[in-house]
Amino acid sequence: MSHLPLEGRRALVTGASRGIGRAIALGLAEAGADVAVLSRGGPALDAVAAEVKERGRHGVAITCDVTDPDQIDEAVAASVDALGGLDIAVNNAGGFAWSGPFLDLTAKDWEYTRALNLDATVRLLQRVGAHLTAQGSGAVLNVVSIAGLGGAPRLAYYAACKAAIISLTKGLAVEWAEAGVRVNALAPGWIDTKLTSGFTAHDQIRLGLQDEVPQSRWGVPEDVADAAVFLCGDGARMATGAVLVLDGGLTAQLSKVARDLLPLGRAAA
Ligand SMILES: NC(=O)c1ccc[n+]([C@@H]2O[C@H](COP(=O)([O-])OP(=O)(O)OC[C@H]3O[C@@H](n4cnc5c(N)ncnc54)[C@H](OP(=O)(O)O)[C@@H]3O)[C@@H](O)[C@H]2O)c1
């Protein structure tokens with residue numbers, strides 16, 4: 001009899017109606033987990049819950065706008081109720097509504113982006129952390145971004161939120177290690193989703209960004225989902241406080257010019 005790596009685990013995934021969150025929810029279900037999928041709700045979210053069920057798992061759609069702290073509290077409680085407990089929490093909802101020079105950032109865009117990415121993460125981690133540490137086991141995964149690892153021109157304010165979540169990931173990994181709860185992060189590079197559709201719609205931007213990536217491609221949500229399944233499972237039992245970069249080599253590369261144009265052959269003596 002085959003044994004699935006996440007058989008019997010109960011997972012919650014935020015931002016699961018499309019893109020990376022949807023792929024992670026389906027990946028966890030394929031690996032054997034029951035999954036509560038959260039987003040602001042609607043037919044797309046219901047469809048993902050149905051896709052979880054098609055994989056033979058318990059799937060439930062829970063409406064939750066993560067910019068409202070009360071809705072997070074209610075959604076975590078509803079997930080625990082619906083699944084009969086919780087073992088895995090994937091904090092994926094996030095994004096940005098605007099890109100441009102930092103000096104043009106409005107207070108409204110900053111507040112929205114901070115609420116969606118950072119404030120929501122703090123609230124969610126408090127709620128799921130209380131449950132998992134009391135239980136004495138669990139895995140938390142924060143979807144951050146390579147933007148949070150370095151300088152991100154025209155998205156610096158968004159990158160700052162992701163950098164803060166990377167710090168939270170490491171701090172909580174240490175705080176909760178004794179309680180048996182692992183906390184890790186995934187840092188994707190360019191992934192083709194609705195969030196990046198404003199970039200991929202323009203050939204010059206889409207191909208220009210792709211050209212900088214050593215693997216020479218945009219990622220797809222499943223690239224992130226496969227790594228998420230690994231980090232949430234026992235195969236990653238010693239990983240906590242880790243930030244796994246999934247960017248086709250982009251942040252490892254010091255210079256694209258060196259990659260493409262350094263002369264071949266022996267340097268002059
Ligand atoms: N795509 C990339 O290149 C990339 C790279 C690095 C990191 N990331 C990160 O990966 C995560 C997922 O991004 P994605 O590319 O999959 O984005 P996406 O396609 O725009 O999906 C975003 C998801 O978040 C949900 N969401 C948006 N606002 C919400 C809110 N206020 N409350 C609850 N749910 C909300 C959306 O569902 P509803 O509309 O149904 O609420 C949707 O399910 C984000 O944290 C993003 O920062 C993405």
Side-chain angles (χ1 to χ4, degrees), residues 12-27 35-49 51 61-76 79 90-99 109 111-121 123-124 141-150 152 154-155 157-166 168-169 185-201 205-206 209-210 212-213 217-225 227-228 243-248 250-251:
L12 162 171
V13 182
T14 68
S17 64
R18 62 174 186 262
I20 292 170
R22 171 181 171 272
I24 291 176
L26 299 183
V35 190
V37 291
L38 279 59
S39 89
R40 287 167 297 181
L45 187 68
D46 294 339
V48 178
E51 287 180 283
I62 295 175
T63 299
C64 172
D65 184 335
V66 296
T67 63
D68 177 346
D70 292 339
Q71 289 193 38
I72 292 184
D73 296 357
E74 287 159 18
V76 171
S79 302
V90 181
N91 169 42
N92 164 77
F96 48 84
W98 174 85
S99 58
D109 280 334
E111 274 155 31
Y112 166 75
T113 304
R114 200 198 62 218
L116 175 61
N117 293 278
L118 183 54
D119 299 349
T121 295
R123 188 71 167 208
L124 185 82
L141 187 60
N142 295 319
V143 178
V144 292
S145 169
I146 58 166
L149 296 171
R154 300 197 177 183
L155 286 169
Y157 72 108
Y158 160 76
C161 295
K162 295 300 195 185
I165 300 171
I166 290 170
L168 274 171
T169 301
L186 282 178
W190 298 115
I191 309 293
D192 192 358
T193 67
K194 188 174 177 198
L195 181 66
T196 49
S197 57
F199 307 155
T200 50
I205 302 174
R206 178 172 56 81
L209 290 172
Q210 175 175 314
E212 288 183 334
V213 175
R217 70 181 181 100
W218 277 72
V220 293
E222 290 69 25
D223 292 324
V224 185
V243 182
L244 182 56
V245 173
L246 304 166
D247 68 352
L250 181 58
T251 53

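The basis for the numbers below is simple: all heavy atoms, side chains too, and nothing from hydrogens, waters or symmetry mates. Remember, it's 1-based here, ligands and their atoms both numbered in the order they're listed.
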### Query
Which atom pair, heavy atoms only, marks the closest approach of R206 to W218?
O-NE1, 3.0 Å
### Task
Collect the protein residues that have a non-hydrogen atom under 4.0 Å from ligand 1 and hand them over in chain and number order.
G15, A16, S17, R18, G19, I20, S39, R40, C64, D65, V66, T67, N92, A93, G94, G95, L116, V143, V144, S145, Y158, K162, P188, G189, W190, I191, T193, K194, L195, T196
#### Entry: Residues in side chain to side chain contact (heavy atoms under 4.5 Å, CB included) contact with E212, at least two apart in sequence or another chain
L209, L250, K256
Please report, to 0.1 Å, the donor-acceptor pairs under 3.5 Å made by any side chain of residues 90-97, with sequence neighbours excluded.
| unit_1 | atom_1 | unit_2 | atom_2 | d |
| --- | --- | --- | --- | --- |
| N91 | ND2 | T121 | OG1 | 3.0 |
| N91 | ND2 | N142 | OD1 | 3.1 |
| N92 | ND2 | T14 | O | 3.1 |
| N92 | ND2 | G15 | O | 3.0 |

Going by atom type alone, with no hydrogens or angles, which donor-acceptor pairs under 3.5 Å involve a side-chain atom of residues 185-194 and a protein atom two or more places apart or on another chain?
| unit_1 | atom_1 | unit_2 | atom_2 | d |
| --- | --- | --- | --- | --- |
| T193 | OG1 | L195 | N | 3.2 |

### Task
Measure the spacing between CD1 of I20 and CG of D223 and express it to the nearest 0.5 Å.
9.5 Å
### Task
Test L26 against R22 for side-chain contact (heavy atoms from CB on, under 4.5 Å), laying out the working first.
CA-CA 6 Å; L26 299 183; R22 171 181 171 272; 3.7 Å; yes
